[in-house]
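Heads up, the thing below is written out as structure tokens.
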Amino acid sequence: MKKKQFAVIGLGRFGGSICKELYNMGHQVLAIDVRDEKVNEFAPFATHAVIANTTDEKALQSLGIGNFEYVIVAIGDDIQTSILTTLLLKEMNVPNVWVKAQNSYHHKVLEKIGADRIIHPEQDMGIRIAQHLTSEKIVDYIELSEEYSIVELLATSKIHNKSLVDLNVRAKYGCTILAIKRGETVHVSPVPNEVIYEKDLLIVIGHKNDLKRFEEDGM
């Protein structure tokens with residue numbers, strides 16, 4: 001795995017968990033917060049942990065933040081600070097600025113000022129948990145847009161020992177099986193005569209309605 005450089009701004013519950021996970025994965029992480037107690041708390045889980053006001057352009061420049069490939073802006077309730085920080089990062093040509101949004105108004109402003117990805121952690125997690133709760137077949141769920149998603153489905157006994165040709169998922173349901181995971185092995189773009197076994201993990205993309213039909217009727 002190629003190590004990357006990340007900066008995480010805002011060490012609340014969301015930013016703190018991202019910081020820890022990236023650091024545990026072996027990446028270089030710069031952890032930033034205005035609160036010294038948060039910086040002290042996360043110092044063991046970061047390559048560097050610093051106290052800084054990220055609406056101050058000189059403070060950002062002194063941290064060399066323009067050299068980072070990814071900066072995650074996980075500032076909590078202070079929408080103004082989040083927006084000003086994002087604006088400065090984009091002016092400094094940080095290639096990937098991911099920002100936590102508080103609400104739809106915040107989201108619209110972040111979109112206009114060029115945030116590369118806008119995250120709604122509570123909403124996104126809520127959608128995933130609801131999908132898990134309502135289906136034993138769904139292992140994971142990624143929303144691509146209002147209409148399209150990728151789901152990981154656990155193959156049932158109903159489709160055990162059947163090939164992709166037998167199932168004809170694209171013609172019958174309008175979905176595409178992107179990959180099949182069996183144990184630690186992943187078959188990307190599986191061939192038509194690939195056989196599926198019970199407990200295989202199918203990674204499927206499609207319109208939400210089509211995915212639902214495949215999950216309920218095809219499996």
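Please read these numbers as outputs of a predicted model, since none were measured by experiment.
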Out of L178, V195, L164, which one pairs with P190 under the side-chain contact (heavy atoms from CB on, under 4.5 Å) rule?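 Only match with P190 under side-chain contact (heavy atoms from CB on, under 4.5 Å): L164.
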Of T176, I180, I177, D210, the residue whose pairing with V204 passes side-chain contact (heavy atoms from CB on, under 4.5 Å):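 Among the candidates, only I177 passes.
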From Q28 CD over to E69 CD, what is the distance, rounded to the nearest 0.5 angstrom?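 Reported to 0.5 Å precision, the distance equals 11.5 Å.
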Interatomic spacing from CD1 in I72 to CD1 in I18 - rounded to 0.5 Å: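 Spacing of CD1 (I72) from CD1 (I18) equals 5.5 Å.
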For K208, give me all partners under side chain to side chain donor-acceptor pair (under 3.5 Å), at least two apart in sequence or on another chain.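 Result, side chain to side chain donor-acceptor pair (under 3.5 Å) vs K208: E143.
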Close side-chain approach of [X] and [Y], heavy atoms under 4.5 Å:
X: I113; Y: K90; answer: no
X: I159; Y: L202; answer: yes
X: D116; Y: V94; answer: no
X: W98; Y: V73; answer: no
X: T81; Y: V34; answer: no
X: E91; Y: L87; answer: yes

Is there a path from L88 to V109 through hydrophobic residues (I, L, V, M, F, W, Y) whose side chains come within less than 4.5 Å of each other?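 Per the 4.5 Å side-chain linkage, L88 and V109 are co-clustered.
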Under 3.5 Å: donor-acceptor pair, side chain of D33, backbone of K38: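 Checking the backbone N and O of K38 against the side chain of D33, no donor-acceptor pair under 3.5 Å is found.
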Test your reading of the model: is there a side-chain donor-acceptor pair from N24 to the backbone of E21, 3.5 Å cut-off?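 No, because the side chain of N24 does not come within donor-acceptor range (under 3.5 Å) of the backbone of E21.
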Could you check K108 against E111 for salt bridge (charged side-chain N to carboxylate O under 4.0 Å, His left out), going step by step and ending with a plain yes or no? CA-CA 5 Å; K108 281 178 188 169; E111 225 168 25; over 6 Å; no
ring-ring contact (aromatic ring centres under 6.0 Å, His included) partner of H207, the single match among F214, Y173, Y148: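 Option passing the ring-ring contact (aromatic ring centres under 6.0 Å, His included) with H207: Y148.
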